Each structure stands twice: as C-alpha cells, then as structure tokens.
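Written out below as structure tokens is the structure these notes cover.
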Amino acid sequence: DRLLEVSRLNKTYADGTAALRNVSFDVRRGEFVVIIGPSGAGKSTLLRCINRLVDPTEGSIRFGGLETTRAGTRQMRAFRREVGMIFQGFNLVQRVTVLRNVLHGRLGYMNSLTGALGLFSGKDTEEAKKILQRIGLAEQMYKRADELSGGQQQRVSIARALSQRPKLILADEPIASLDPVTSEVIMQHLHAICDEDGITCLVNLHQVHVAKKYATRIIGIHKGIVVFDGTPDELTEDT
Ligand code: ADP
Ligand code: ADP
C-alpha cells in the first residue's frame, strides 16, 4: 500500500547546483523512514520537493495517487492538509499561545476569513487541548511559544502537525538544535505518532545512531544520489 512514490527526481537550483540526481523510492503507509546524509547532501531539498515548497526540475512525485507536480490549486489545498511539516527551527508563531499555535494546524480546514480572524470552534479547541495533553504540554497551553524551551517548542510543532490529521509527516532535521536527551524525547514522540496513529513519517537526520534506533527504513543520500535504501540492520559502518 504505497502512500508516496518518488520517481527519477532531479533538482538543479538556479545557480547550477545539482541538489538531487535521479532520486527514486516508494514509501508504504505506516513506514518510519529516516533520510540520512551529511550537510549539503540534498535531504532538505528532497522534503521541500515532496511538500512542493520547491519545484523539482524533473521527475514525478505521487502522493496517494495524486501527481503533485501537476496538481491544481484545489488539489494542492487538500494535499497541504494531509502533509504536516516539522522544521529544525520549530517555526512557531512566537508571540501567541501554545494552544493557538496548535490551532493553526487546523487552518487548512477552515475558510480563510474565519482563520484570519482566529475564530476556532469549541470542538477544535478541545481537540487541540487533547493533543497537547498527549504530548505532555497541558501545563504550557496558555504560555507564549517564546516562553518555552527548544524541546517544548518542537513538541508544540508536532502537536500542530497532528492537529491537521495528516497522512504524512515530513520532519527536516527536527533534533539538530536540541541536546541528546531532548532529542530522544522528540524522536520517541514521532515514533509514537507513527506507531499508534499510523501516520507515515519521513525524517531527515544526520546522526546514524539515532536513525538506526528509530527507523523502520533508512535512505542514505550523498551529493544528491541515493546511496543506501534498506533496514537499519543492513546499514553497516562502511555503507
Ligand atoms: P541538506 O538538507 O542535506 O543539508 P540541502 O538540500 O539543503 O542539503 O542542500 C543540497 C545542496 O543544494 C547544497 O549544495 C546546498 O548548498 C544547495 N542548495 C540548497 N538550497 C539552495 C538554493 N535555494 N539555491 C541554491 N542552492 C541550494
Ligand atoms: P539545511 O539545514 O537544509 O542544510 P541551509 O542552512 O544549508 O539548510 O540553508 C538555509 C537556507 O538557505 C535554505 O532556504 C536553502 O534553500 C538556502 N540555501 C542553502 N544553500 C544555498 C545556496 N548555495 N544558494 C542559495 N541558497 C541556499
């Protein structure tokens, strides 16, 4: 049961940098895929092509049967709702409450006027609170995002993604700016989402030992080329 099909993907930036070269792989529903590679390998470009923040130069990306590189505005709106993003820098709205940040994940479901006015239903609010409880942030709900630690902020961004009810979560170096202990907490939350909710995860990392601990599958990229695709056990020091 394939959720995502990436086929012969190429991305060359305007300055001539070939960031992705003929990248192909399929992802089945429920997989926890870690994309691993050094800085500059093309991991971030890959995720940004998948969520269409970046236009690929060549190739195709199918998500649940939709060819995203050819999708129209309405299809893209539905697509954006189904794909949650988590970034290294958390990307929260710093000056508003944690609860409101999580509610922002619901915006894709609403018409833009009520969303812009910040009008959420009681049901949306109850659900956001439940998600925050689950992720251990019930106490922080009414604090401003900028009052939280980095690890807490990353948990808010996971909660925000969950409130979209996504089918796929793309996480671009979600633990790169966190200490090792906090990193484990974040990885455990991502793993739980995949395990318990069946949400497929694609996570960019550069730490091999973390990848091996959490991934069901690892894709290694180097200089824009897929150099490894297999289980954590198959990944040895010399691959
Ligand atoms: P990673 O996420 O693995 O660190 P990136 O996808 O960020 O890799 O970068 C891959 C390559 O593409 C690098 O050489 C990087 O400098 C280059 N690159 C990334 N974004 C751009 C851009 N907007 N314009 C030009 N080159 C870019
Ligand atoms: P990453 O953590 O993914 O490696 P970087 O810190 O390399 O990201 O890049 C941060 C931003 O700068 C990104 O938006 C990326 O697209 C852009 N960028 C990276 N490399 C280049 C480049 N060579 N030319 C132009 N923009 C770049």
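Atoms within a ligand are numbered from 1 in the order they appear, just like the ligands themselves. Keep in mind it's a predicted model, so treat the numbers as computed, not measured. Basis for what follows: all heavy atoms, side chains included, without hydrogens, waters or symmetry-related copies.
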Testing the 3.5 Å rule here: is there a donor-acceptor pair between the side chains of Asp15 and Thr17?
yes
Atoms of ligand 1, numbered as shown, that sit under 4.0 Å from any heavy atom of Ser44:
1 (P), 2 (O), 6 (O), 7 (O)
Check ligand 1 against Lys43 and write out every atom of the ligand that is under 4.0 Å from a heavy-atom position of the residue.
1 (P), 2 (O), 3 (O), 4 (O), 6 (O), 8 (O)
Which distance, rounded to the nearest 0.5 Å, do you find between the CG of Leu170 and the SG of Cys49?
11.5 Å
Look only at interatomic distance and state if Gly42 has a nitrogen or oxygen under 3.5 Å from any nitrogen or oxygen of ligand 1.
yes
Which option wins on minimum heavy-atom distance to atom 17 (C) of ligand 1: Asp15, Ile35, Thr17?
Thr17
Do the side-chain N and O atoms of Gln153 and Gln94 include a donor-acceptor pair separated by under 3.5 angstrom?
yes
So Phe32 and His191, would you call those rings parallel, tilted or perpendicular, with 30° and 60° as cut-offs?
tilted
Which one holds for Pro38 and ligand 1: side chain close, backbone close, both close, or neither close, with close meaning a heavy atom under 4.0 Å?
backbone
Before accepting this row, confirm whether a basic side-chain N of the pair Asp146/Arg95 lies closer than 4.0 Å to the acidic partner's carboxylate O.
no
Please determine which of Leu92, Leu148, Asn91, Leu132 meets the side chain to side chain contact (heavy atoms under 4.5 Å, CB included) test together with Asn101.
Leu92
Enumerated ligand 1 atoms positioned under 4.0 Å from heavy atoms of Ala41:
1 (P), 3 (O), 8 (O)
Please check whether Thr45 reaches ligand 1 - meaning an N/O of the residue sits under 3.5 Å from an N/O of the ligand, judged on distance alone.
yes
Counting only heavy atoms, which portion of Leu46 has something under 4.0 Å from ligand 1: side chain, backbone, both, or neither?
neither
